[in-house]
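What you see below is based on every heavy atom in this structure, not just the backbone, and it leaves out hydrogens, waters and symmetry mates. Lettering follows sequence order; numbering is per chain, from 1.
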There are 2 protein chains.
Amino acid sequence: MFFETLPSKYLENAVAELAKLPGVGRKTALRLALHLLRQDKSQATLLGHSLVELREKISYCKICHNISDTDLCPVCSSTSRNRSIVCVVEDIRDVMAIERTGQFNGVYHVLGGLISPIDGIRPEDVQIESLRRRLEANPAQEIVLALAATVEGDTTAFYIYRHLKQFELSFSTISRGISIGDELEYIDEITLGRSIQSRIPYQQTLVSEKR
Amino acid sequence: MFFETLPSKYLENAVAELAKLPGVGRKTALRLALHLLRQDKSQATLLGHSLVELREKISYCKICHNISDTDLCPVCSSTSRNRSIVCVVEDIRDVMAIERTGQFNGVYHVLGGLISPIDGIRPEDVQIESLRRRLEANPAQEIVLALAATVEGDTTAFYIYRHLKQFELSFSTISRGISIGDELEYIDEITLGRSIQSRIPYQQTLVSEKR
């Protein structure tokens with residue numbers, strides 16, 4: 001039977017590389033490769049070059065390690081941000097999500113990943129040591145741990161807490177609880193249990209709703 | 001508010017190009033780009049180069065227009081295939097799917113697309129004229145139209161039929177009907193109606209099951 005493998009090494013290479021992307025299997029990879037073959041030649045070329053350039057030329061903010069073409073990212077170079085509150089996040093998507101809320105006026109520290117022994121990501125692989133040096137040079141008052149509510153997020157938060165508790169700092173974490181629009185009966189027990197434990201005075205919600 | 005746009009033109013370029021792929025939105029594109037940034041540098045480079053190479057170096061079988069690194073694809077260069085039956089398909093995935101069935105011993109003609117006025121794909125944009133020239137040079141007995149059961153597939157099949165009926169050829173199309181494992185109550189009316197119209201003698205199914 002023919003075509004158990006693809007009849008072109010160029011197609012095979014492209015499919016094999018595309019299939020390494022998260023969420024892309026061999027079938028999707030072939031669909032994407034054939035799509036590119038039907039488009040204008042420039043589209044595949046632009047995509048290919050943009051990916052090579054991305055990895056080779058990308059640079060990071062010297063203070064918070066967020067992705068930035070300039071030495072300092074827009075947040076770190078802003079004069080209106082409160083440098084005594086440092087929000088620790090996993091990556092640029094979290095910075096964008098928090099910025100969109102318009103509720104945070106401090107600065108960020110972007111870890112670039114979460115500690116995950118299963119995936120071979122050790123504390124040295126994320127920007128924790130640089131956070132320690134940053135706090136030594138520029139003391140802050142509060143660290144907000146805004147990490148995912150997963151095993152990796154909790155592990156990383158705990159590691160950072162232990163690693164930095166020598167500093168005179170208050171640590172906080174974004175609140176866990178019920179999302180706006182959630183119905184109680186569909187919420188998992190742990191979330192619901194924690195949200196009862198960490199209940200807040202009703203008047204307080206009224207105040208924060210006012211804005 | 002910061003970060004409504006991405007703070008790096010390299011990231012922005014990569015995300016914009018990735019988001020042009022079918023089924024990939026801006027959010028997925030950003031996830032893919034950040035994934036590549038966390039991997040070994042070589043992965044992004046290999047992917048990027050493979051896509052550029054794909055579009056620049058890919059070549060096609062001189063007879064059937066299937067993707068092939070050699071002048072003739074494995075099917076067209078095989079001595080055991082029946083050249084008097086030509087199966088017309090949209091792209092290489094269809095060739096692979098039909099080859100996997102092991103039920104076809106003819107040769108293929110790969111259109112490279114289907115006629116679709118809505119998407120601006122005209123008859124000249126797919127390999128129909130080359131099919132006419134091919135049949136002029138090497139007469140065949142039967143054309144099997146194995147195209148998708150969609151408006152585009154039906155339009156293309158009808159166009160090919162009209163364009164080639166000058167030749168002494170029998171035209172056939174793969175049968176439409178009920179998939180193995182389907183339950184009648186879940187099948188759409190058109191499919192079920194056609195499968196009743198084009199019912200086949202029961203004994204015939206017994207024969208084809210024997211293999």
(request) Assess whether side chain to side chain contact (heavy atoms under 4.5 Å, CB included) is satisfied between K27(A) and R93(B), documenting all intermediate values. (result) CA-CA 9 Å; K27(A) 218 159 182 171; R93(B) 285 175 296 179; over 6 Å; no
(message) Heavy atom to heavy atom, less than 4.5 Å: which residues from residues 13-22 of chain A reach chain B?
(response) N13(A), A14(A), E17(A), L18(A), K20(A), L21(A), P22(A)
(message) For the CD1 atom of I58(A) and the NZ atom of K41(B), what is their distance to the nearest 0.5 Å?
(response) 11.0 Å
(message) For Q43(A), which atoms come within 4.5 Å of any heavy atom of chain B: side chain, backbone, both, or neither?
(response) both
(request) Look up atom CG in L6(B) and atom OG in S68(A), then write down how far apart they are to the nearest 0.5 Å. (result) 11.5 Å
(message) How long is the straight-line distance from CG of D69(B) back to CD of E12(A), given to the nearest 0.5 Å?
(response) 10.5 Å
(message) Counting only non-hydrogen atoms closer than 4.5 Å, does D40(A) touch chain B with its backbone (N, CA, C, O), its side chain (CB onward), both, or neither?
(response) backbone
(request) Against chain A, label Y60(B) side chain, backbone, both or neither, depending on which of its atoms sit under 4.5 Å from a heavy atom there. (result) side chain
(message) Taking atom CZ as the centre, does R194(A) end up with more than 12 heavy-atom neighbours from other residues, nucleotides or ligands that are less than 6.0 angstrom away?
(response) no
(message) Is it the case that over 12 heavy atoms from other parts of the model lie below 6.0 angstrom from the CZ atom of F167(A)?
(response) yes
(message) Can you list the residues of residues 112-132 of chain A that sit under 4.5 Å from chain B, counting heavy atoms only?
(response) G112(A), G113(A)
(request) Would you please test I67(A) and L37(B) for side chain to side chain contact (heavy atoms under 4.5 Å, CB included) and show each step? (result) CA-CA 10 Å; I67(A) 292 164; L37(B) 280 174; 3.6 Å; yes
(message) I'd like to check I92(A) versus P7(B) (side-chain heavy atoms, cut-off strictly below 4.5 Å). Are they in contact?
(response) yes
(message) Strictly less than 4.5 Å between heavy atoms, which residues of residues 135-160 of chain B line up against chain A? Please order them by number.
(response) none
(request) Report, by ascending residue number, the residues of residues 47-56 of chain A in heavy-atom contact with chain B at a distance under 4.5 Å; give 'none' if the set is empty. (result) L47(A), G48(A), H49(A), S50(A), L51(A), V52(A), E53(A), L54(A), R55(A), E56(A)
